[in-house]
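Below is one structure, written out as structure tokens; comments come after it.
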Number of protein chains: 2
Amino acid sequence: MKPISGKIVERLARYRTFLTEQAPGHRTHLFSHEIAAAMRTADSQVRRDLMAIGTQGVPRHGYEVEALMEKLDLALSLDRTHAVAVVGAGHLGRALISFLEASRSTLCIKAAFDTDPAKCNRVHAGVKCHPMDSLEAVIAREAITLAILCVPAAAAQGAADQLVHAGVKGILNFAPVALRVPVNVALEEIVITTYLEKLAYFTTHPSKERRNGRHEER
Amino acid sequence: MKPISGKIVERLARYRTFLTEQAPGHRTHLFSHEIAAAMRTADSQVRRDLMAIGTQGVPRHGYEVEALMEKLDLALSLDRTHAVAVVGAGHLGRALISFLEASRSTLCIKAAFDTDPAKCNRVHAGVKCHPMDSLEAVIAREAITLAILCVPAAAAQGAADQLVHAGVKGILNFAPVALRVPVNVALEEIVITTYLEKLAYFTTHPSKERRNGRHEER
DNA sequence: TAGATTGTTAATCGATTAACAATC
DNA sequence: TAGATTGTTAATCGATTAACAATC
């Protein structure tokens, strides 16, 4: 399969969410323009993306939902499970644990970590919290490859270094800091204030005609 | 000031985070290449963005941090406060309240809302939780323009409709649903599983040479 | 068959990077 | 002055959209 850009992967993940949202068995097929409408993109965009993962549709019938779902899972490597760690078991960390445990099974949270001894060795939503010193051992034992970082900004780089050293391959960072990680470790950043600031900008500058991110039309 | 694209606004917000991160008074000036290094972009990108908001640097001295900060605040309209509501006072909602109240003051959380009567009329981190029926009244009273949506997927569209009807101008949606809102309401989506799925993809497809989102190099 | 939709290529659009003269 | 950095334009790159022949 050809290399797929980050943008495409992101859209594929969103198509997947949209498909799971549909009442199962409600529709056996969907048209590219239906998916496009929900995603606020062009139908040709959808067809192009689906082409990239080798999906075939049928003119006048659209794409078979079940087959499409399978292709998406395969492309996103969601056919196997991924062991995830949550670092920082404060409000946000625990919220994410409950949230993810409720929704998804292929992304499986195997452990939480925190410096605070009061939080350690307790279980939240089925996930045990460990002290930071046992991070390397637990990550190896549970074969954890992904980590969600919800520690305070000041502690983020240190925690990231520990994670990288322990062999984690991808980090989702919630701390508002510009992290440094080696090239071979994937990094995604969700800085919530950035999104709010973006909203603040667009609500105070109601531009006549903007269409960028996926934050408007319709 | 010229219209600024969503991408640029996002980067401006990130520059701002980076500047606040710097020890105050530690450096009076910064070079474009220094900011660029922290953001993993090109220096010409930074200069171009700063030009867009009318910032002036001095050759061989760089940009004055304090002046730059002021320009950024002005451009992002962070010179005034924005009243924010959190809809859904579950784990995630409460985590976001604590998180934001701790960090930022121009984005000010004025109210929380929840359907669960057990959560209502209680105060979390200085923010009172109201029942959903009083949403319109409270939003009007507190002049709330932005909302963070942390309700379960099934309730998201309904809550969004209520918010729009109450006059909210921007929504940050955490529910994994494709929301429909009018064109004049700004919408940002943070679907956490999408980010994790993106990480899962890139960790299992360690492509020789990818450089998309801002999720790799260095 | 006629009509709608796919697969795919070509055209457009926007965003990023490179380059370099002006400047301190 | 020489050297480094800015402001800004031109070149490149990638992503999105439009268009349309092939197909059911």
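Naming convention: chains lettered A, B, ... in sequence-line order (proteins, then strands); numbering from 1 in each chain.
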Open item on the list: Quick check on dT5(D): is either OP1 or OP2 less than 4.0 Å from any side-chain nitrogen or oxygen of His61(B)?
Closed with: no

Task: 4.5 Å side-chain heavy-atom contact, Val9(A) and Leu76(A) - done: yes

TODO: Go through residues 42-51 of chain B and report each residue with a non-hydrogen atom lying under 4.0 Å from DNA chain C, sorted by number.
DONE: Ala42(B), Ser44(B), Gln45(B), Arg47(B), Arg48(B)

- [ ] Calculate the interatomic distance between Ile53(B) atom CD1 and dG7(D) atom C1'; express it in whole Å.
- [x] 14 Å

Task: Secondary structure string for DNA chain D (Watson-Crick or G-U under 3.5 angstrom, | for other-strand pairs) - done: ..||||||||||||||||||||||

Task: Length of the line joining His33(A):NE2 and dA18(D):P, which is rounded to integer Å - done: 16 Å

TODO: Round to the nearest Å and state the distance from Ile8(B) atom CD1 to dT16(C) atom P.
DONE: 8 Å

- [ ] In whole angstrom, give the distance that lies between atom NZ of Lys7(A) and atom P of dC13(D).
- [x] 18 Å

- [ ] Choose from dT5(D), dT6(C), dT17(D) the nucleotide whose nearest atom is closest to any side-chain atom of Thr41(A).
- [x] dT17(D)

Open item on the list: Given 3.5 Å as the limit, does a donor-acceptor pair link the side chain of Thr41(A) with the main chain of Ala37(A), or not?
Closed with: no

TODO: Would you tell me if any nitrogen or oxygen in the side chain of Ser5(B) comes within less than 4.0 Å of OP1 or OP2 on dA15(C)?
DONE: yes

- [ ] Could you state the atom-to-atom distance from CZ of Arg60(A) to C1' of dA22(D) in whole Å?
- [x] 15 Å

Task: Selection residues 54-66 of chain B - residue pairs positive for salt bridge (charged side-chain N to carboxylate O under 4.0 Å, His left out), sequence neighbours left out - done: none

- [ ] Mind checking side chain to side chain donor-acceptor pair (under 3.5 Å) for Thr28(B) and listing every partner two or more places apart, or none if nothing turns up?
- [x] none

Task: Whole-Å distance separating the CD atom of Gln56(B) from the C1' atom of dT8(D) - done: 12 Å

TODO: Not counting sequence neighbours, which residues clear ring-ring contact (aromatic ring centres under 6.0 Å, His included) with His61(A)? List them please.
DONE: none

Open item on the list: How many whole angstroms separate atom CD1 of Ile35(A) from atom C1' of dT6(C)?
Closed with: 12 Å

- [ ] Report yes if some heavy atom in the side chain of Ile109(B) is under 4.5 Å from a heavy atom in the side chain of Glu101(B); otherwise report no.
- [x] yes

Open item on the list: Rounded to whole Å, how long is the line connecting atom CD of Glu34(A) with atom C1' of dT6(C)?
Closed with: 14 Å

Task: Side-chain heavy-atom pair Arg94(A), Cys150(A) within 4.5 angstrom cut-off - done: no

Task: Leu149(A) side chain reached by Val151(A) side chain, heavy atoms, under 4.5 Å - done: yes

Task: For His33(B), all residues meeting ring-ring contact (aromatic ring centres under 6.0 Å, His included), sequence neighbours excluded - done: Phe31(B)

